[in-house]
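In what follows, a structure is listed as structure tokens, so that the remarks can point back to it.
Naming convention: chains lettered A, B, ... in sequence-line order (proteins, then strands); numbering from 1 in each chain. Because only heavy atoms are used, hydrogens play no part in the values below, and waters and symmetry mates are left out as well, while side chains stay in. Keep in mind that this is a model prediction, so the values were computed, not measured.
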Amino acid sequence: MLDYVEVSGEIAPSYLGEADTVWLRALLDAYERHVGHQRRELEEHLQAPLSVACDPRSLRRARLVLDRIWPTEPGVGIGPRRLREELFLAAAEDPDRERVVERVARRLGLRPRVVMDSLFADLPPQRRLAPMPAGLSPWELALRVNQATAQSVLRRSRRVLVELVGNARALVAQARWGGLMAVARPAREGAGLTLEISGPLSLFCRSLVYGRTLAALLPLLTRCDSFLLRADCEVGDRLRRFVLRSTDPVFPAAEPRRFASQVEARFFRDFAKLAPDWDIIREPEPLVADRWLLFPDFALWHRRQRWRRWLLEIVGYWTQDYLRKKMDRLRLARRGDLILAVDRDRRCGPESEQVSRVVSPEEVVGGDRVIWYRRRVDPEAVLRILEGQRPGLPRPR
Amino acid sequence: MRMTFDRGTVLLTPTAAGESPEGWPGVMWDPRVTRWRAPAWRRGELLRRCAQEGLAVEGRVGEASRWRVYPWPLVSLRSYQGAALCAWRLAGRRGIVALPTGSGKTWVALGAMAEQAAPTLCVVPTRVLMHQWWEAISRLYPGPVGLWGDGKRRLYPVTVTTFESAYRHMATWGDRFSLLVVDEAHHFGQSAQDSILQMCAARARLGLTATPPGPGPRAERLHELLGAQVFSTKIEELRGKHLADFQRISLVVDFVPEERRGYDLDYGAFRSFYLPFRRRSPEASWVEFVREASRSDDGRRALAAWRASRRRLGYHRAKAEALRWLLSEHSQRKVLIFTPDNETAYKVASEHLVMPITCDIGRAERARCLEHFRAGRLRRLVSSRVLNEGLDVPDAEVGIIVGGGGSLREYLQRLGRILRPARGKMAVLVELTTRATPESRRFRQREMSLGESLPAVSLRGKAGER
């Protein structure tokens, strides 16, 4: 159940804060003390109030999150499935309960009490709590609870509007993968862009079919430098506005962001070593070209001459048509500062049958800011473009 | 006019000057893609509209025609099943067929599939039912039968899926089928899952249910998305011939004094908050009550007291005694025990050594148990809800309702589980109700709505007394 306050038509979920870490610590202690015990024993223990006072609704939300993430394991002993089969089949032959349990226990070499205790040991209420693999701090738990709260609001939404600065690639990719539509336009003021994410059916009815996918977008917002999300959510039979800002405490410590490929990781390392005068920034903001978004992999920025800024996209699998379309979109975006690094070996499509024919990048896309690579993007080749040393190349703006 | 399927909708693109779908039913301008768009379920209407206006239709919404369906064998139906199929056909191959549980609704669907001989998607509520439908179709249909759900991802011209999987994936394959069969169709009408029906482009639709909704918004919505109720028959019309004859017995039991005191205390605490709320908002729903109650300490205490009272009512000493007696009375017959929740099912399982069939028990183990039950090696099963809907439990003769099942729908579903016909069979459904509790009130209300058609025998007993 949602826990929120409403201010002029806008709902504000009750997020947990620093003050809540005291009772969250007590709750975590209760879970840790029950490691090795059945989950239902923990349930019984938590029927009584915690040693530290807390809001019951917040406690319920925290427990929902903890129950989801806390690992459990079946109890030790004989497999409960086999035990059930033996016992219930034997009970069909003999109406005397004690005699049946005794007989089955003897056959399995167990005590009757162990038989009955292990009967449902693999089912959720009787599974035993395992130790949490990595320690979970109260503050981290608070952030996870807040994120679950925000997601439960988003699950009731049918359309979200995100104004963001910085990387949006993962967000758009996830939206498209989930069958949603992302319409992008440049932000009204300043850098960044505005994304309207909704589903095809949202046009006709208040369908919540996209709610789950919209909620799944939330963790990906951490990859943006800043954002402001607005969503229309159906809460209590009414449509209410929900606003989420990048400063809201809803993001637990994220996993370290990984490179999309080894090639990217290697280029990042090699270029940083080769060109100390240039900053290399991963996943910069996307480019808007008509109705399309382009996602460069790196921004290369001169440390002293800040007007010298280039973008680099590393292309893995490609077809001639794909590269041409990409260059067309770049022209639409009026961007001449994007360098394409194209894998020579990953050409797909019907042309790939002509493997013996060597094709130059210029022949494919007619551009002069395309470099071929095999296994590794040569940082020196990129630097030559940045420094305007490539023959016939105009100096960058 | 060019028509293309796009994630549960149809995109319309005029291909000649003067063509415009503006004002057509369900069609709207989508500024996101600068095209006309309509929900996929309106595809039939759109095609008819194009034909009326003499517009040539380009593109193909769906790949249905690319799929080869193997020729179906002749499906032999009982008289009322054949009548239901005929009514559905006359209604333009759209509509809902209402038949009592156990009367063979699946056969009506098989008949429709054989008659239509077109790509068909069957949507069913649970994974257990999905496997059951898959087996029923596979026994008849000579081609491969697809299965989408419970970890399986096989899409064929005849495929069975669950509501949940259809909800997630209809946007992807909603255009591939010409016939949509919806089992337990009463789940639709006013739920989020209506999107399943909206995103499917199949024109022919067959809904099956034992408990169709009464007149109201839900029935109207179902009429729009699936079609009208085209056929219905009642239990008493099939009783003794196509369904087993049966007796309904209500066994009234009571708490022991100590339990009664605890129950009255809990239920009283709940009522002291609930009754003033009910006076203030006589029209409010239970969900609204819970929402209001969870906002105050008193309300939360009332909810906790209500939960405690429900636990006490679900299974107490008198019910345990009555159950023990009933099991010994019917020791040689196949018995299904229905409980209000899984916790009670496990309690009954441990106390009386009865195999539980719950959502926690895995599919393989469940199938094995049902096989033991079919072969007579197991003669008792206990469940809270898994056995309620559609699951084919072979040859059960006695049903014992320990708790839950207060609503008419759930009661009839449970009754249906023991009605598979057999020579000389007299099925018995015994319901344990606790005196002076909401259980007995609900029982009276339900009996009033059942009226004279299905009279029940009411017996009284005390804890520990036969």
Most contact-rich option vs chain A, by heavy-atom pairs under 4.5 angstrom, among B:G362, B:A349, B:S350, B:G26, is B:S350

Does any part of the side chain of B:Y167, heavy atoms only, come nearer than 4.5 Å to the side chain of A:R212, both counted from C-beta?
yes

One option among B:D30, B:D6, B:L327 has the most heavy-atom pairs under 4.5 Å with chain A, and it is B:D30

Is it the case that over 12 heavy atoms from other parts of the model lie below 6.0 angstrom from the CZ atom of A:R176?
no

Checked B:R368, B:M199, B:R379 vs chain A; the most non-hydrogen pairs under 4.5 Å come from B:R368

When every non-hydrogen atom of A:F204 is compared with those of B:T9, the smallest separation belongs to CE1-CG2, 4.1 Å

So, the part of A:T213 with a heavy atom under 4.5 Å from chain B: the answer is neither

Honestly, the part of B:E351 sitting under 4.5 Å from a heavy atom of chain A is backbone

Applying a strict 4.5 Å limit to non-hydrogen atoms, the region of B:S331 in contact with chain A is neither

Tell me whether the count of non-hydrogen atoms from other residues, nucleotides or ligands lying under 6.0 Å of CD in B:E343 goes above 12. no

Greatest number of non-hydrogen atom pairs under 4.5 angstrom with chain A, of B:R37, B:M28, B:E288, falls to B:R37

Bottom line for A:V183: the part with an atom under 4.5 Å from chain B's heavy atoms is side chain

Heavy-atom count around A:R113 CZ within 6.0 Å, excluding the residue itself: above 12?
-> no

(message) Can you confirm whether more than 12 heavy atoms, excluding those of B:R300, are under 6.0 Å from its CZ atom?
(response) yes

Margin query: A side-chain contact here means heavy atoms from C-beta on lying under 4.5 Å apart; do A:M181 and B:R7 qualify?
Written below: yes

message: How about CH2 on B:W286, more than 12 heavy atoms from neighbouring residues, nucleotides or ligands closer than 6.0 Å, or not?
response: yes

d(A:F120 CZ, B:I361 CD1) to nearest 0.5 Å is 6.5 Å

* To do: Mind running side-chain contact (heavy atoms from CB on, under 4.5 Å) on B:R32 and A:L203 for me, showing each step along the way?
  => CA-CA 10 Å; B:R32 297 169 298 180; A:L203 189 66; 3.9 Å; yes

(request) Check the surroundings of atom CZ in A:R111: do more than 12 heavy atoms from other residues, nucleotides or ligands lie under 6.0 Å from it? (result) no

Counting heavy-atom pairs under 4.5 angstrom with chain B, the leader among A:G179, A:A91, A:P95 is A:G179

CG (B:L353) and CG (A:L87) are apart, to the nearest 0.5 Å, by 5.0 Å

Okay, B:R380 and chain A: the region with an atom under 4.5 Å from a heavy atom over there is neither

To the nearest 0.5 Å, atom CD of B:Q198 lies from atom CG of A:L201 at 5.0 Å

Ranking B:G376, B:P356, B:A304 by heavy-atom pairs under 4.5 Å to chain A gives rank one to B:P356

Self-check item: Test: A:R84 and B:E365 ion pair at under 4.0 Å
Solution: yes

